[in-house]
Amino acid sequence: MKYDFSKIEKKWQDRWDESGVFRAKDPGEPGSEKKKFYALVEFPYPSGAGMHVGHIKAYSGLEVISRKRRMEGYNVMFPMGFDAFGLPTENYAIKTGMHPRAVTDKNIEKFTGQLRRVGFSFDWSRVVDTTEEDYYRWTQWIFLKMFEKGLAFRDAALVNYCPSCKVVLSNEDSQGGKCDICHSDIVQKSKDVWYLRITEYADKLLNGLEGVDYLPQVKQQQVNWIGRSEGAFVNFSLAGKDEKLRIYTTRPDTLFGVTFMVMAPEHPLIDKYADSISNMDAVLAYRAECAKKTEFERTQLVKEKTGVKLEGLTAVNPINGREIPIFLADYVMMGYGTGAIMAVPAHDQRDWDFAHKFGIDVIEVIKGGDVTVEAYTGDGEMVNSGFLNGYTNKKDSIRRAVEELKRLGVGEGGVQFKMKDWAFNRQRYWGEPIPIIHCPHCGMVPVPYEELPLRLPEMKEFAPGQGGESPLARIESYVNCKCPKCGGDARRETDTMPQWAGSSWYFLRYIDPHNDKCFADPEKLAYWLPVDWYNGGMEHVTRHMIYSRFWHKFLYDLGLVPTSEPYAKRTAQGLILGPDGEKMSKSKGNVVDPNDVVDEYGADVLRTYTLFMGDYASAAPWSDSSVRGCKRFLERVDDLFSIAKGKGVTPELETAFHKTVKKVSEDYEAMKFNTAIAAMMGLINDIFEVGHLTEDELVTFIKLLCPVAPHICEEINEKLGNKTMLCVSEWPTYDEAKTVDHTVEVAVQINGKLRGTIMLPKDCPKDEAIAAAKADVRVIPFIEGKTVIKEIAVPNKIVNIVVK
RNA sequence: GCCGGUGUGGUGGAAUAGGUAGACACAAGGGACUUAAAAUCCCUCGCCCCUAAAAGCGUACCGGUUCGAGUCCGGUCACCGGCACCA
């Protein structure tokens, strides 16, 4: 007997909507006295292709948790929105001649339709769209706060530039030397760019990880991204000059092994002492050559070291007075540390390679390897190192070296981070305008807060300008303005913000999405924060999560949000691969559209399958035939109604029910949805074997299943005559004592090999279990005529008899 | 190269304070019902073996610890993710 899913799914979606059961209650409203639970999923980028089933899986996890929490009596907020600024929309708009606004609206409508059909329990009254004026007004507002505090600043820099998209990209966006959006090669270009000083929060971002419940891999990735290293700054003097060459090292205890210095080709001291450098031509040529390479090429390739020696300029080791040569080499970067290093070829492979090529001395200072063959990077006894000789512990020798540097006044301990400041501007139309005015007299002047939002002006042609100019620069009426400070003629900043901006604080706006006085009411923030559980993809745990944690911590320091961390817990779902086992993509033609699945099988089947297909955190390929298995399961659930009679319990099923309630309750919490569903499948198999169950038991069953397949469960509940909707009824409980069987099957092993099984009463004493095992007909042949050496009995599990 | 993860039937995957490997599904094969098909129901389903039982072999590979190892330890290989000349 098949149920008409298209009819009942629409019916229940409408009822949930009309009754407002999924609306989160703000402080003061009836219902807000309950404990709050804020579940957050990463809001989608509304692309023209629409959603694929991977989105559904990403939201289904916390959908189940949210529905369970409501049944457990929580006031739940589970919101949804759209991260809609960005290049794909703009590129599509340029291609088709549509306006990005129209494209965005159309895509959001499509996404909303897809989401609605799946029956998610989102609070649709809180939808945010990062491209709406009411939203980006506050994105700009937060930016101005950062500007006010000196965290948003402008600086000339070599930037990653994408010649195809005609934009400047952050390092994060140009990983691998390729543009993140169009995958063309990045080139280096000098330009004035906006930065957010995220490095100022490096320590806070790192330390904050101690107090949050993130998946260990998530934490580890963030730690690596921030990349804190402890070491020392050392000042080498330039021979014959009153000048210091400052370097950073993580191994100040290897100072006696320094045989040369390396500076980044762009190092400013080179220009300052150009007169002293006799081979300046070669130096400049080398520098020009390096400028052609991207940072990726400089750092990525395992290539032969290149470099050039500075003739006429040498450095002096402050610890032993030794005069050493200075080289330029592109393996040293201006952007990390001080742009110069002390080279210890005996104990750093890069330095060793370089020394080997240029015929420089190698001095061993740590025993343990053969430094004539390769660098030795392990631990060992310090040698050839003056006051450090004899140290064997790395920590101790470093501490001693730092003390000595300090005493001599030539250096001090210090910390470096791998994380760089965040390049924050794009020369594109479809983004938040940066609300800054450039005045020839007053410099950079913020647009007054009361004039926000600074609206994105209307344009017909918004293709980027030549040479990386923002299209906004072409609108005279926009560019030309008066300085808010002095009233004189001024020019407006024409760059826009990157897509990461809007997603850095959206979880705050959900809390109070319609507020026009501030980004969110403090009382509401105090009630809802922090986000109790945030789920999303592993690909966002460094960039998006670190950026948003940075914004949140900034707002916390201003006293504008009540918690220092935005997210109390973070989990991640795995991808859904195409049926061919490849990552789903339009070009491969292996994308599965949730609408097609809903049309053919219904939303409940789609939801069940995305959760049943495998471990939630792992990638798994889509399988059409496996979807049919979930359909059969739900049809069998529907069939339960016809065999449910009377009240009370079915004795044969009682233990199975208690076990299943326990298992499903626990598995949902651990996001082990696949085994939870398997347990319910197992139970339904048991029920059909018995042939009947009670109405009470059926209610328990559909309550367990309803977070996964809510429509069919609500329908059955109604057919049973229950007036309260299942989604607001109480989560079932179980009796721990009734989850255990009275007789258990115990395995019998002889010498560790399974030879039989025996049924024993639960908690049967060891000696009785062993006696029973020995008496088993299948076991007797294996012990007859042999000497028993040892007998092991694990209660309710196993008996192992060792014989000889 | 470094860091992290994974490796289990034809397939997706279960099972780790060490204790009956393959739960739950999918696919496949056989049967029932049907004029027939679909749907549904029943049976079989790691390998070896003509079949069945028994025995033997099986959780990437090699070795170790243990009464007992998918699980712990050492080594090897493969794949996936992240970072990458980071001083």
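Every chain is numbered from 1, with letters handed out A, B, ... down the list of sequences. Not measured: the values here are computed from a predicted model.
Heavy atoms of A/D615 sit under 4.0 angstrom from primed sugar atoms or phosphate atoms, though from no base atom. Backbone-only contact: A/N674 has heavy atoms under 4.0 Å from sugar-phosphate atoms and none from a base. Among the heavy atoms of the strands lying under 4.0 Å from A/F612 is at least one base atom, whether or not backbone atoms are also near. Counting any heavy atom pair closer than 4.0 Å across all strands shown, A/R755 reaches sugar-phosphate atoms only and no base atom. In this structure, A/E745 reaches the bases: a heavy-atom distance under 4.0 Å links it to at least one base atom across the strands shown. Using a 4.0 Å heavy-atom criterion, one finds that A/V794 contacts the bases of the nucleic acid, with or without backbone contacts as well. At a threshold of 4.0 angstrom between heavy atoms, the contacts of A/K219 with the nucleic acid are absent. As judged by a 4.0 angstrom heavy-atom cut-off over every strand, A/A340 is placed among residues making no nucleic acid contact.
Not one side-chain nitrogen or oxygen of A/R228 sits closer than 4.0 Å to the OP1 or OP2 atom of B/C86. Remark: A/K672 is in phosphate contact with B/A15, judged by side-chain N or O atoms under 4.0 Å from OP1 or OP2.
At a cut-off of 3.5 angstrom, counting only N and O atoms as typed in the model, there is no donor on one side facing an acceptor on the other between the side-chain of A/Q749 and the base of B/U20.
Side-chain N/O atoms of A/D667 and A/S665 include no donor and acceptor closer than 3.5 Å. In this model, a donor atom of one side chain and an acceptor atom of the other lie less than 3.5 Å apart for A/Y248 and A/S229.
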- Apply salt bridge (Lys or Arg N to Asp or Glu O under 4.0 Å) to A/E791 and A/K774, showing your working. CA-CA 10 Å; A/E791 293 166 332; A/K774 283 176 167 170; 2.5 Å; yes

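Shown here, B/G68 is classed anti by the O4'-C1'-N9-C4 or O4'-C1'-N1-C2 angle, which is more than 90° from 0.
Between A/F673 and A/Y668, the ring-plane angle classifies as tilted under the 30° and 60° cut-offs.
Rounded to whole Å, the separation between the C1' atoms of B/A87 and B/G74 comes to 33 Å.
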